[in-house]
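Report on one structure; see the data block that follows.
FYI, side chains are in, hydrogens and waters are out, and symmetry mates aren't considered; it's all heavy atoms of this structure.
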Amino acid sequence: MKSVVAQLLESALAKLPELADLIADIAIESTVERTRDSSHGDFASNIAMRLAKPARKSPRDVAASIVKQLSDSDQVDKVEVAGPGFINFHLSAAAFQQELRTILDQGICYGRQPARERPRILLEFVSANPTGPLHVGHGRLAAFGATVGNLLEAAGYTVEREYYVNDAGRQMDILGVSVWLRWLESQGTTIPFPEAGYRGDYVRDIAGDIDTGDATVISAEELTDGLPEGDMEALIEALIARAIETLGPDGFDRIRQQSLESIRADIEDDLAEFGVTFDRWYSEQSLTTEGRIDAALAALEKSGNVYERDGAIWFRATDFGDEKDRVVIRANGKKTYFASDIAYHFDKRQRGFDLLIDILGADHHGYVTRVGGGLAAMGYAADDLIVDLVQFVALYRDGEKVAMTTRGGKFITLRQLRNEVGNDAARFFYVSRSNDQHLDFDLDIAKSESNDNPVYYIQYAHARIASVFRQLEERSLEWNDTSGCDNLSLLVEPQEKKLLTTLSRYPEVIELSANNRAPQHLVHYLRDLANDFHTYYNAHVFIVDDDKLRDARLVLVTATRIVIANGLAILGVSAPETM
RNA sequence: GCGCCCGUAGCUCAGUCGGAUAGAGCACCAGAUUCCUAAUCUGGGGGUCGCAGGUUCGAAUCCUGCCGGGCGCGCCA
């Protein structure tokens, strides 16, 4: 609908070259917005105010000369200049009726934009280390990322979703040794569990399932003989060394890989149950085995952006806005995690993705300049990488903050949260706040089946509409949608007009939410839409004796159901027929 | 110390590219059902948009400084 107004303005300006020249760099559509107050019409443009200064005329004069050039349209009832120089458009009833027919015609496609070739987007999210189950913080990354992916697709983009599996490095050794120690325990060899190991119960479960091959059980004395005391980091290092010497490198690797795969598969199941799926699980190990880190480092070398100092190889990150240079190869010859990161992003770009979007926890903010700098150093634009940082989640129960510590394995898992409040409420609450806002997740509200739960409020509107049609059937009446579409002019009640207006905003909301990667706009919109529907429901009966009015009202109500269902689908929330 | 994010009603938060009288929900108060699901609806009170400057036709929004909260600053992963 917005484009109707923008086009009218555009053709009017075409007749005013002296004005049009002044705003060559402004998209006319960007001057058009919904009005907040219906007495100002449906849409307003501030274009005259923006033109006033360069044109050296008063905003109202500019507005008047534009309005004079506007051609008549059956979509517009009235145009007026108001306030400091707004041009207000009052759309016709016919325009809204047309939109209603569009909603019915397009159904589940309503609000989606046609596919566009570019940019191809690679969306990376969650990417939690595979050292244990996902917790509630990862849940927010999952829900946010999945919803952003859905929004971008609705906006016409091609999106691939990827999970980066940190399956290399020391943490995998620690996982392996943790599982080994738990396995030994199950065989009767028990020592105090190391502080630096992974202590969650899931480690015992893995140890119980694992195939250890011909591994021999050693005694506690053999296990602890000569181990360092006091320093927990040194202790875990020594235990890893002991595992390798006892099991052999292959034997230890076997435990390590099984443990990793067990956890990774569990994460995949957990997310799938949450409605979050990925096109690819990208292994960090594969960066090394396929030589991608070396390739990236060679590209950096070639562009002259690395140098040697103190026996290490450094990336000139300061040349790209970072506060200090970063090591890529340590003096001991090992590559850093940062080297993997830039290699991974270099590879994403080389696979043909134009735009890389990373959804990361807020503690990763230092990473943005560095990786963007790495891309720039390798010949790509730093702007090709967008990082959305998602702030932390605090759980509240009975008005109290729920204490969570990662240490000691005492944290609430995503699975526990989903079991407690349900997938729908979890998906909804996670995206109801801006990603750069800390999230206070109130378990009691998410669980409550009552009026203070916004998820149910929206779902209830959908179920009520389904119920209206069940009633229709019970009364042996039929809905003639053709008749309904022919009689939309009967929809004259204020609640009907309000609902029509809100429905017609949906495509704009999708576009806005997608462009800003801001699902909370859609959440708020759906709440508004449900509110308009409930108000209508309470004010008027839909199944009336008058066939034409009934058919028309059922068109409006059906359109409402379509838009609610479409919006909830993007959020990953179900749209129930009954509640 | 440096960097990033946040500060809007009692509470939790929206507020698009700077736009007209700053909005929701919860909580609080008062009402609505012979009728399609009351998990609903209607009305009401409640604001120094952290503070101080600046930019301009116009600032919650942009700029500077300050105050308060969170997070991050490794040849860890």
Side-chain angles (χ1 to χ4, degrees), chain A residues 26-27 30-31 33-37 39-40 44 46 49-50 52-53 58-59 82-86 88 129 131 166 168-172 174 233 284 309-314 322-324 326-332 334-338 340 361-369 389 391-392 396 399 432-440 442 445 448-457 459-461 463-472 474-475 508-509 511-513 515-516 518 520-521 523-524 527-528 530-531 533-544 553 557 578-579:
Chain A
I26 302 178
S30 75
T31 71
E33 56 183 20
R34 293 270 173 175
T35 57
R36 206 178 324 140
D37 184 337
S39 70
H40 296 142
N46 62 10
M49 279 126 83
R50 295 218 218 165
K53 195 169 199 182
S58 84
F86 290 103
N88 291 342
N129 289 343
T131 54
N166 291 117
R170 186 163 171 267
Q171 59 184 347
M172 286 297 107
I174 296 176
E233 294 300 325
E284 184 189 355
R309 191 179 78 206
D310 304 334
I313 306 295
W314 298 71
D322 204 353
E323 56 198 22
K324 57 180 88 161
R326 306 289 172 177
V327 172
V328 286
I329 304 179
R330 295 194 274 266
N332 65 13
K334 284 193 163 184
K335 286 143 195 162
T336 61
Y337 192 79
F338 171 59
S340 300
D363 50 340
H364 284 71
H365 65 72
Y367 171 107
V368 184
T369 337
L389 298 173
Q391 297 291 328
F392 295 147
Y396 285 80
S432 63
R433 303 282 178 254
S434 159
N435 61 293
D436 50 24
Q437 191 79 237
H438 290 253
L439 179 66
D440 288 335
D442 190 321
I445 289 179
S448 72
E449 298 193 358
S450 74
N451 55 356
D452 51 3
N453 192 330
V455 192
Y456 291 111
Y457 183 86
Q459 290 181 319
Y460 183 50
R464 262 185 156 178
I465 296 171
S467 171
V468 168
F469 282 86
R470 284 193 296 272
Q471 268 299 315
L472 196 69
E474 260 175 48
R475 298 185 198 177
E508 293 155 38
V509 170
E511 189 181 2
L512 173 73
S513 305
N515 289 344
N516 295 308
Q520 78 273 12
H521 291 300
V523 169
H524 284 271
R527 213 264 155 209
D528 285 348
N531 182 29
F533 170 76
H534 287 308
T535 298
Y536 181 35
Y537 184 95
N538 276 273
H540 299 286
V541 177
F542 310 150
I543 306 179
V544 291
R553 285 186 171 170
V557 161
T578 58
M579 286 177 75

What residues, two or more places apart in sequence or in another chain, satisfy side-chain hydrogen bond (donor to acceptor under 3.5 Å, both in side chains) together with A/His40? none

Using atom P in both nucleotides, what's the gap between B/G19 and B/A59 to the nearest angstrom? 11 Å

Under 4.0 Å, counting only non-hydrogen atoms across every strand here, what does A/Thr578 touch: a base, just sugar-phosphate, or nothing? base

How close or far is atom P of B/C17 from atom CD of A/Glu508, stated in whole angstroms? 14 Å

Determine the interatomic distance between P on B/G68 and the same-named atom on B/A60; round to the nearest Å. 25 Å

Would you please test A/Asn129 and A/Thr131 for side chain to side chain donor-acceptor pair (under 3.5 Å) and show each step? CA-CA 6 Å; A/Asn129 289 343; A/Thr131 54; 5.2 Å; no

Rounded to the nearest angstrom, tell me the gap between atom CZ in A/Arg433 and atom P in B/G25. 13 Å

Just call it for A/Asn88: base, sugar-phosphate, or nothing, with non-hydrogen atoms closer than 4.0 Å on any strand. base

Does A/His438 have a side-chain nitrogen or oxygen under 4.0 Å from the phosphate oxygens OP1 or OP2 of B/G7? no

Counting the benzene-type ring for Trp, do A/Tyr537 and A/Phe542 have ring centres under 6.0 Å apart? yes

Assuming nearest nucleotide by heavy-atom distance, tell me which of A/His534 and A/Asn129 is located more 5' along RNA chain B. A/His534

Pairing nucleotide - B/G45, Watson-Crick or G-U, each distance under 3.5 Å: none

Would you mind telling me which of B/G25, B/G72, B/A77 lies closest to the side-chain atoms of A/Arg527? B/G25

For B/A14, does OP1 or OP2 lie under 4.0 Å from any side-chain N or O of A/Gln437? yes

Please examine the side chains of A/Arg433 and A/Gln520, heavy atoms only from C-beta on, and report whether any two atoms are closer than 4.5 Å. no

Taking the side chain of A/Val327 as its heavy atoms from C-beta onward, which of B/C75, B/C13, B/G19 lies nearest to it? B/C75

To the side chain of A/Val541, which of B/A77, B/C36, B/U16 is closest? B/C36

Using the P atom on both, measure B/U8 against B/G47 and round to a whole Å. 15 Å

A/Arg34 CZ to B/G23 P, straight-line distance once rounded to whole Å: 18 Å

Regarding the side chain of A/Ser30, the nearest nucleotide among B/G74, B/C71, B/C17 is B/C17

Measure from the side-chain heavy atoms of A/Phe392 and tell me the nearest of B/C71, B/C75, B/C6. B/C71

Would you classify A/Asp310 as touching base, sugar-phosphate or nothing, given that sugar-phosphate means primed atoms plus P, OP1 and OP2, and contacts are heavy atoms under 4.0 Å? base

Verify the contact: side-chain N or O of A/Thr336 to OP1 or OP2 of B/G74, cut-off strictly under 4.0 Å; return yes or no. no

Measuring to OP1 and OP2 of B/A77, would you say a side-chain N or O of A/Arg330 lies under 4.0 angstrom away? yes

Atom-pair distance (NE2 on A/His521; P on B/A24), nearest Å: 17 Å

Which listed nucleotide (B/G19, B/A14, B/U16) is nearest to the side chain of A/Met49? B/G19

Nearest 0.5 Å, what's the OH-CG distance between A/Tyr367 and A/Leu389? 10.5 Å

Output the single nucleotide from B/A39, B/U40, B/G19 whose closest atom is nearest the side chain of A/Glu33. B/G19

B/A39 versus B/A30 - spacing of their C1' atoms, nearest Å: 22 Å

From CG of A/Asn332 over to C1' of B/G74, roughly how many Å is that when rounded to an integer? 13 Å

A/Phe542, nearest nucleotide to its side chain (from B/A14, B/C13, B/C36): B/C36

Between B/A39, B/G72, B/C17, which nucleotide has the shortest distance from any of its atoms to the side chain of A/Tyr456? B/A39

Checking contacts here: which listed nucleotide (B/C4, B/G19, B/U40) is nearest the side-chain heavy atoms of A/Asn46? B/G19

Examine B/C41: is either OP1 or OP2 under 4.0 Å from a nitrogen or oxygen in the side chain of A/Asn531? Give yes or no. yes

5' priority, RNA chain B, between A/Thr535 and A/Gly169 [closest heavy atom]: A/Thr535

